[in-house]
**Q** 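Take this structure first; my questions come after.
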Amino acid sequence: MADGSVSDAQAAAFAMAVLLRGLDGTGRVALTRAMRDSGHVLRWDLPGPVVDKHSTGGIGDTVSLVLAPLVASCGAFVPMISGRGLGHTGGTLDKLEAIPGLRTALAEDAFRRVVAQVGCAIVAAGPDLAPADARLYAIRDESATVGSIDLITASILAKKLAAGLDALVLDVKQGSGAFLRGPEAALALARALVDTAAEAGCRARAYVTDMDQPLARAAGNALELHQAIAVLKGELGALRDLSLALSSACLALGGAQGDAARALGSGAAAERFARMVAAQGGPSDLLEHPERHLPSAPVVRAVPGHGRVAAIDTEALGHAVVALGGGRLHARDRVDPRVGLAQLLRIGEEATLDRPLALVHAASEAAADAAVATVAAAYLLGDGPGPGPLIRNEVT
């Protein structure tokens with residue numbers, strides 16, 4: 001796969017065979033290791049554990065922007081290699097690149113320098129990191145084999161293990177905004193990830209978490225950055241709660257002794273975030289003045305509603321952001337960092353004349369009209385069972 005001696009047709013046939021017949025645990029580990037070793041594997045010599053977190057993707061999932069500096073402020077090191085959004089879910093790199101001047105395409109020596117000096121960096125994968133996975137991923141998209149748990153497992157872990165981690169925490173989303181909507185499939189993927197990582201030499205723990213509603217109250221790149229900064233400054237809510245839980249898991253799994261809640265409350269995590277942004281080329285005062293640096297949309301419209309939120313079609317909210325220009329359907333699509341949804345109501349909350357379902361941030365009146373209709377249709381108002389637990393399952 002990496003050197004091109006296997007054709008696209010052969011690779012697609014392999015992917016289809018795995019989808020239809022599956023791999024056992026031994027085969028899954030062998031595939032993961034082979035894809036990890038198809039390129040450069042990082043090695044670290046740092047005075048603390050090297051840890052990371054991976055999410056399978058959702059709406060308003062801005063945990064990485066809080067977790068990386070939070071874990072780093074507690075004595076661990078986080079060389080986070082992240083991806084871009086595709087389909088209805090957002091991407092960490094797209095969110096970071098809403099910051100003027102910030103660079104995610106760092107050469108390895110610069111990446112190592114930022115991690116050593118700041119404790120964390122969030123960057124794009126270089127072309128020599130698990131190149132077999134990059135090629136197979138594109139072929140899976142064209143051959144309708146994306147849904148294989150075996151191939152998903154190997155793809156996620158090949159890139160993360162190539163980063164040279166001591167420990168990895170996995171956040172497997174489940175619900176109306178997740179790729180895996182059912183609890184059985186989400187739990188099966190969580191178990192496959194933990195077992196395969198352990199066999200490949202990396203300590204891992206997985207959590208199945210709620211994606212029946214957006215995690216943060218915003219969806220869209222600059223808007224989610226505002227949310228992450230608010231949490232680092234002390235704002236309460238589900239984004240803070242999950243960021244703390246996953247950060248604590250990273251520290252425990254890596255053997256670090258820091259207290260995540262204390263680091264967040266003291267401002268140490270916020271200070272570390274500011275240093276990371278500056279080290280990667282962004283403004284030094286983003287934390288103090290995000291409104292000066294983050295782009296804003298010219299059109300802001302309320303989505304009216306009246307009644308209690310019973311359920312949310314969270315995937316539809318993601319598609320609304322994409323239609324506004326805040327996401328991509330194809331890897332080559334350009335992203336508008338200004339647009340998205342803000343002040344999203346959560347399940348169990350009341351929409352009133354003074355408290356709309358959401359605010360649409362759009363580039364034009366026509367785009368705002370379409371998004372208002374989509375968001376209104378995504379909310380079911382009336383009686384309902386209320387929100388489920390934020391963390392639904394744990395696999396160790």
Side-chain angles (χ1 to χ4, degrees), residues 53 55 58-76 78 80 82 90 92-102 104 114 118-122 171 209 213-251 258-297 300 337-338 340-346 349 355 358-359 361 390:
K53 183 272 308 180
S55 168
I59 310 303
D61 181 6
T62 317
V63 168
S64 292
L65 301 183
V66 178
L67 179 143
L70 177 52
V71 171
S73 69
C74 293
V78 188
M80 187 175 285
S82 294
T92 298
L93 296 182
D94 297 321
K95 297 166 194 178
L96 271 181
E97 288 173 355
I99 302 172
L102 188 139
T104 59
V114 175
V118 178
C120 59
I122 303 177
D171 179 7
T209 67
Q213 59 183 330
L215 180 60
R217 290 190 181 271
N221 298 303
L223 295 169
E224 288 187 53
L225 265 165
H226 279 289
Q227 287 276 279
I229 290 169
V231 169
L232 287 165
K233 288 182 173 181
E235 183 174 278
L236 304 180
L239 176 59
R240 177 186 184 275
D241 294 344
L242 189 58
S243 297
L244 272 177
L246 297 179
S247 296
S248 297
C250 282
L251 294 168
D259 184 326
R262 182 176 298 174
L264 189 59
S266 70
E271 184 270 340
R272 198 66 62 118
F273 176 81
R275 288 175 57 194
M276 181 188 76
V277 168
Q280 292 188 223
S284 59
D285 63 342
L286 177 68
L287 203 69
E288 293 81 9
H289 304 289
E291 70 287 344
R292 290 184 187 173
H293 301 289
L294 297 179
S296 58
V300 179
R338 305 172 297 170
L341 310 174
Q343 297 184 29
L344 291 159
L345 287 194
R346 297 177 63 78
E349 295 179 336
R355 193 184 189 194
L359 295 180
H361 291 240
L390 186 56

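Here the structure is a predicted model, which means the values were calculated and not measured. Only this structure's heavy atoms are used, side chains among them; waters, hydrogens and symmetry mates stay out. If you read the sequence from its start, that first residue is 1, and numbering goes on from there.
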**Q** Do the side chains of Gln280 and Ile99 get nearer than 4.5 Å, heavy atoms only?
**A** no

**Q** Looking just at side-chain N and O atoms, do Glu97 and Thr104 make a donor-acceptor pair shorter than 3.5 Å?
**A** yes

**Q** Under 4.0 Å between a side-chain nitrogen and a carboxylate oxygen: does that hold for Glu235 and Arg217?
**A** no

**Q** For residues Ala68 and Met80, report the shortest heavy-atom separation together with the two atoms involved.
**A** CB-CE, 4.1 Å

**Q** What is the minimum heavy-atom distance between Ile59 and Ala219, and which atoms define it?
**A** CG2-CB, 3.7 Å

**Q** So Ile122 and Leu65, side chain to side chain contact (heavy atoms under 4.5 Å, CB included) or not? Walk me through it.
**A** CA-CA 8 Å; Ile122 303 177; Leu65 301 183; 4.1 Å; yes

**Q** Does CZ belonging to Arg355 count more than 12 external heavy atoms closer than 6.0 Å?
**A** yes

**Q** Tell me, do Asp259 and Cys74 make a side-chain contact under 4.5 Å, heavy atoms counted?
**A** no

**Q** Supply the atom-to-atom distance Thr62 OG1 to Lys95 NZ, rounded to the nearest 0.5 angstrom.
**A** 4.5 Å

**Q** Apply side-chain contact (heavy atoms from CB on, under 4.5 Å) to Ala278 and list each qualifying residue two or more places apart in sequence or on a separate chain.
**A** none

**Q** Nearest heavy-atom pair of Ser266 and Ala263: which atoms, and what distance?
**A** OG-O, 3.2 Å

**Q** Is any side-chain heavy atom of Leu390 closer than 4.5 Å to a side-chain heavy atom of Thr209?
**A** no

**Q** Can you tell if the side chain of Leu286 reaches within under 4.5 Å of the side chain of Leu294, non-hydrogen atoms only?
**A** yes

**Q** Is there a side-chain contact between Val71 and Lys53 (heavy atoms, below 4.5 Å)?
**A** no

**Q** Side chains of Val63 and Ser55: does their closest heavy-atom pair fall under 4.5 Å?
**A** no

**Q** Is it the case that atom CD in Glu288 sees more than 12 heavy atoms from other parts of the structure closer than 6.0 Å?
**A** yes

**Q** Decide side chain to side chain contact (heavy atoms under 4.5 Å, CB included) for Leu223 and Leu341; before the verdict, give the C-alpha distance in whole Å, the side-chain angles of both, and the deciding distance to 0.1 Å.
**A** CA-CA 8 Å; Leu223 295 169; Leu341 310 174; 5.7 Å; no

**Q** Could you tell me which non-hydrogen atom of Ala358 sits nearest to which non-hydrogen atom of Leu344, and how far apart they are?
**A** CB-CD2, 3.6 Å

**Q** Would you say Lys233's side chain and Leu287's backbone share a donor-acceptor pair under 3.5 angstrom?
**A** yes

**Q** Roughly how far apart are Ile229 CD1 and Glu291 CD, rounded to 0.5 Å?
**A** 9.5 Å

**Q** Looking at side-chain heavy atoms only, is the closest gap between His361 and Ser296 below 4.5 Å?
**A** no

**Q** Please check if the side chain of Arg346 supplies one atom and the backbone of Leu215 the other of a donor-acceptor pair under 3.5 Å.
**A** yes

**Q** Is the side chain of Arg272 donor-acceptor paired with the backbone N or O of Leu70 at a distance under 3.5 Å, no angle test?
**A** no

**Q** Ser248 side chain to Ala245 main-chain N or O, any donor-acceptor pair under 3.5 Å?
**A** no

